[in-house]
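Everything below concerns the one structure shown next.
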Amino acid sequence: MPKTYNIGVEATMEVIGGKWKPIILCHLRKGVMRTGELRRAIPKITQKMLTQQLRELETANIVCRTVYQQVPPKVEYSLTDYGESLEGILHQLCVWGEENVERRQEKGEAVELLARDKVEA
């Protein structure tokens with residue numbers, strides 16, 4: 001029996017949805033990162049959750065995991081060509097979030113944005 005989606009965004013969210021995957025992908029847009037670098041870039045994610053999300057993204061062919069045979073082991077993550085096809089979507093999510101923070105600040109809300117998206121779509 002074929003899998004059925006009612007709308008295309010369902011298929012997209014099945015692959016990149018959730019709290020952490022879009023954040024991981026936005027960081028990987030900037031280049032290759034090691035696990036520790038991702039943990040520092042996303043301080044609220046647990047190691048277990050980071051590993052799980054990276055594995056799921058790797059299974060979906062969005063992220064490439066490269067293991068270097070050395071001591072200590074070195075593992076790097078990067079976007080695959082397929083993962084890079086999400087560039088425009090990820091950039092727009094970042095821009096929308098930045099504008100949303102600005103609107104909230106203008107209304108007097110105590111909200112802070114630590115970094116802006118520096119990757120252009």
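- Considering NZ of Lys107 and CZ of Arg103, their distance stands at 8.5 Å, rounded to 0.5 Å.
- Of the residues listed (Val63, Leu57, Val15, Ile62), the one engaging Lys21 in a side-chain contact (heavy atoms from CB on, under 4.5 Å) is Leu57, and it is the only one.
- Hydrophobic clustering of Ile, Leu, Val, Met, Phe, Trp and Tyr side chains at less than 4.5 Å, counting indirect connections, keeps Trp96 apart from Ile16.
- Tyr77 approaches Leu28 most closely through the heavy-atom pair O-CD2, 3.5 Å.
- Between His91 and Arg29, the closest side-chain pair of non-hydrogen atoms falls below 4.5 Å.
- Side-chain heavy atoms closer than 4.5 Å link hydrophobic residues (I, L, V, M, F, W, Y) into clusters, and following such links, possibly through other members, connects Val75 to Leu50.
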If you apply the rule side chain to side chain contact (heavy atoms under 4.5 Å, CB included), what do you find for Trp20 with Lys44, and how did you get there?
CA-CA 10 Å; Trp20 300 111; Lys44 293 184 180 180; 3.8 Å; yes
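- Atom CZ of Arg39 is surrounded by more than 12 heavy atoms from other residues, nucleotides or ligands within 6.0 Å.
- Expressed to the nearest 0.5 Å, how far OG1 of Thr46 lies from CD of Gln52 amounts to 8.5 Å.
- Under the 4.5 Å side-chain contact rule for hydrophobic residues, Leu54 and Met13 do not share a cluster.
- No path of Ile, Leu, Val, Met, Phe, Trp and Tyr side chains, each step under 4.5 Å between heavy atoms, connects Leu38 with Val32, placing them in separate hydrophobic clusters.
- Side-chain polar atoms of Glu14 and Tyr5 form a donor-acceptor pair below 3.5 angstrom.
- A donor-acceptor contact shorter than 3.5 Å is absent between the side chain of Glu76 and the backbone of Arg65.
- Expressed to the nearest 0.5 Å, how far NE2 of His27 lies from CD of Glu37 amounts to 11.5 Å.
- With hydrogens and angles ignored, the 3.5 Å screen pairs a side-chain donor or acceptor of Glu10 with a backbone N or O of Ile7.
- Between the NZ atom of Lys74 and the CZ atom of Arg34 there is a distance of 5.5 Å, given to the nearest 0.5 Å.
- Considering all non-hydrogen atoms of both residues, Asp117 and Cys94 come closest at CB-CB, 3.6 Å.
- Here the straight-line distance linking atom CG of Asn100 with atom CG of Leu93 works out to 12.0 Å at 0.5 Å rounding.
- To the nearest 0.5 Å, atom CD of residue Glu98 and atom CG of residue Leu113 are 6.0 Å apart.
- In the hydrophobic cluster analysis, where Ile, Leu, Val, Met, Phe, Trp and Tyr join through side-chain heavy atoms closer than 4.5 angstrom, Ile23 is grouped apart from Val111.
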Would you please test Gln47 and Thr51 for side chain to side chain donor-acceptor pair (under 3.5 Å) and show each step?
CA-CA 6 Å; Gln47 182 63 49; Thr51 300; 3.2 Å; yes
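- A donor-acceptor pair is defined here as one N or O able to donate and one able to accept, closer than 3.5 Å; such a pair exists between the side chain of Thr80 and the backbone of Asn61.
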